[in-house]
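Reminder, nothing fancy here: chain letters follow the sequence lines and each chain counts from 1. Here the structure is a predicted model, which is why all the values come from computation and not from measurement.
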Protein chains: 2
Amino acid sequence: MTTKPEAAQDALNKLLQVVTLLNEDMRQDFERRGLTPARTHALWVLAELGPSPQRALAQALGVTARNVTGIVDGLVETGFVTREPHPGDRRATLVTFTDKGAHTVHHLQESQRTLAVQLFGQMPAERFSAFVNGMDDVLQVIQRELAKG
Amino acid sequence: MTTKPEAAQDALNKLLQVVTLLNEDMRQDFERRGLTPARTHALWVLAELGPSPQRALAQALGVTARNVTGIVDGLVETGFVTREPHPGDRRATLVTFTDKGAHTVHHLQESQRTLAVQLFGQMPAERFSAFVNGMDDVLQVIQRELAKG
DNA sequence: ATTCATTGTGTAGCTACTTCACTATGCAAC
DNA sequence: GTTGCATAGTGAAGTAGCTACACAATGAAT
């Protein structure tokens, strides 16, 4: 045991605070673009996958297929994606970016890059790498814990 | 500029991953106790404030008074708090822990302490302090940014 | 041709959030 | 002490995000 419990608690509190503020910051960015968090997440995943049936989106997002129907409904209404027929499977639709959607995702990606640079760009190299190593440690612990139960 | 953009992006991705997993872990803990995230947050704040009128809770939680009505409704139904008359202001109610509520908050606090120790307890002192310093940097940047836009 | 799996959606319901309108009470000023 | 404004809480209505269950249409395999 090298870290005192109170210090560990302080660190966790700070981490949670960072989380809260970061979420808030990103949420505001989404909102300016007419996006909700869930719809943004869907766009983001869609950018990775390319045009996809809703089932694939559901899996990638970790939510039910029914929920994806609703999210895509919203994205269609607001003009970010369209539902195209799946060539070769008439049951499925291919969720596909509109120009606006593709454009928006591109800006989101840039925005995230900018944020990363804002957060870490000025940080001394040594501190930065220690920070990243610390986060790797934390990630490992969490993943081990979640695996257990 | 001491940190490369790609490295900064990696770091941000890791941070967001930590966030996601941590949230999921905590949410599961809440669920086991019969609590939703919003209700847990309310309990947590109530523990800091002591018995409070809903208005105070709303302010502390950063949500509307109307929303607090709903959250407290839920907490009353599930037996964590009661609405007591405010002595000296007949408009207000004092949201007050039941035994179950007080007990639960206590366990939540212990659980958070345990989590902190799990996450950071084994970390070498030097890495830990660098990690905390890094988070302080990040916090500062975010707060500066949020203040602006 | 029948059977079974899969895709998407209707229905219904919960939590969490908002705004707007309203009641009841408190409080201060005339 | 009444008038008038502020404050505490809630009803009504709506949005977003999620769930489970039921079902129609299609696909795939025997």
Side-chain angles (χ1 to χ4, degrees), chain A residues 20 23-24 26-46 49 51-78 80-96, chain B residues 20 23-24 26-28 30-46 49 51-96:
Chain A
T20 303
N23 271 339
E24 182 56 23
M26 296 191 304
R27 207 191 48 73
Q28 284 179 12
D29 191 25
F30 304 159
E31 214 172 67
R32 268 180 240 121
R33 299 190 149 86
L35 284 168
T36 61
R39 290 175 196 173
T40 308
H41 193 184
L43 282 193
W44 198 268
V45 164
L46 194 60
L49 298 183
S52 309
Q54 296 182 187
R55 219 78 196 188
L57 280 182
Q59 184 140 22
L61 291 168
V63 298
T64 59
R66 187 57 185 89
N67 191 14
V68 169
T69 298
I71 290 171
V72 172
D73 282 352
L75 287 171
V76 169
E77 275 174 25
T78 48
F80 291 95
V81 304
T82 57
R83 276 189 250 243
E84 301 297 331
H86 189 299
D89 189 342
R90 279 181 297 172
R91 292 169 303 177
T93 62
L94 280 184
V95 182
T96 308
Chain B
T20 303
N23 270 339
E24 183 55 22
M26 294 192 303
R27 206 191 47 73
Q28 283 179 13
F30 303 160
E31 213 172 68
R32 267 180 242 122
R33 300 190 149 87
L35 283 168
T36 61
R39 290 175 196 172
T40 308
H41 194 183
L43 282 193
W44 198 268
V45 164
L46 194 60
L49 298 182
S52 309
Q54 296 182 187
R55 220 77 195 186
L57 280 183
Q59 183 138 24
L61 292 169
V63 297
T64 59
R66 187 58 186 86
N67 191 13
V68 168
T69 298
I71 290 170
V72 172
D73 282 352
L75 287 171
V76 168
E77 273 173 27
T78 47
F80 291 95
V81 304
T82 57
R83 276 190 250 244
E84 302 296 330
H86 188 300
D89 189 342
R90 278 179 300 169
R91 294 168 304 176
T93 62
L94 280 184
V95 182
T96 309

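Across all their heavy atoms, B:Ala42 and B:Leu75 have their closest contact at CB-CD1, 4.0 Å. Of all heavy-atom pairs spanning A:Leu49 and A:Ala56, the tightest one is CD1-O, 4.3 Å.
Distances shown here put a side-chain N or O of B:Thr36 below 4.0 Å from the OP1 or OP2 atom of C:dA16. For C:dT7, the OP1/OP2 oxygens have no side-chain nitrogen or oxygen of A:Arg83 closer than 4.0 Å. Not one side-chain nitrogen or oxygen of A:Arg90 sits closer than 4.0 Å to the OP1 or OP2 atom of D:dA25.
The distance from the CZ atom of A:Arg55 to the CZ atom of A:Arg91 is 9.5 Å, given to the nearest 0.5 Å. Atom OG1 of B:Thr69 and atom CZ of B:Arg66 lie 5.0 Å apart (nearest 0.5 Å). Rounded to the nearest 0.5 angstrom, B:Asp89 CG and B:Leu94 CG are separated by 9.5 Å.
For B:Glu77 and C:dT15, the CD to C1' distance is 12 Å, given to the nearest whole Å. In this structure, A:His86 places its NE2 atom 12 Å from C1' of D:dG27, rounding to the nearest Å. Rounded to whole Å, the distance from CG on B:Asn23 to P on D:dC18 is 13 Å. Summarising the geometry, the separation between CG on B:Leu35 and P on C:dT15 is reported as 12 Å, rounded to the nearest angstrom. For the pair A:Phe80 CZ and D:dA16 P, the computed distance is 12 Å after rounding to whole Å. Whole-Å rounding puts the A:Leu57 CG to C:dT7 C1' distance at 13 Å. Put simply, CD on B:Glu31 is 12 Å from C1' on C:dT15, counting in whole angstrom units. One atom, CG of B:Leu75, and another, C1' of C:dC14, lie 15 Å apart when rounded to the nearest Å.
Taking every heavy atom of residues 61-70 of chain A and every atom of DNA chain D, pairs under 4.0 Å involve A:Val63, A:Thr64, A:Arg66, A:Asn67, by number.
Between A:Arg91 and A:Gln54, it is A:Arg91 whose nearest contact on DNA chain C lies nearer the 5' terminus.
Taking the side chain to side chain donor-acceptor pair (under 3.5 Å) definition, one finds that A:Thr96 meets it with nothing, sequence neighbours left out.
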Would B:Thr78 and B:Arg39 count as a side chain to side chain contact (heavy atoms under 4.5 Å, CB included) if you check the C-alpha gap in whole Å, the side-chain angles of each, and the deciding distance to 0.1 Å? CA-CA 10 Å; B:Thr78 47; B:Arg39 290 175 196 172; 4.2 Å; yes

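Residue B:Arg55 is classed as a base contact, given a heavy-atom separation below 4.0 Å to a base.
Looking at the side chain of B:Ala38, the nearest of the listed nucleotides C:dC17, C:dG8, D:dG17 is C:dC17.
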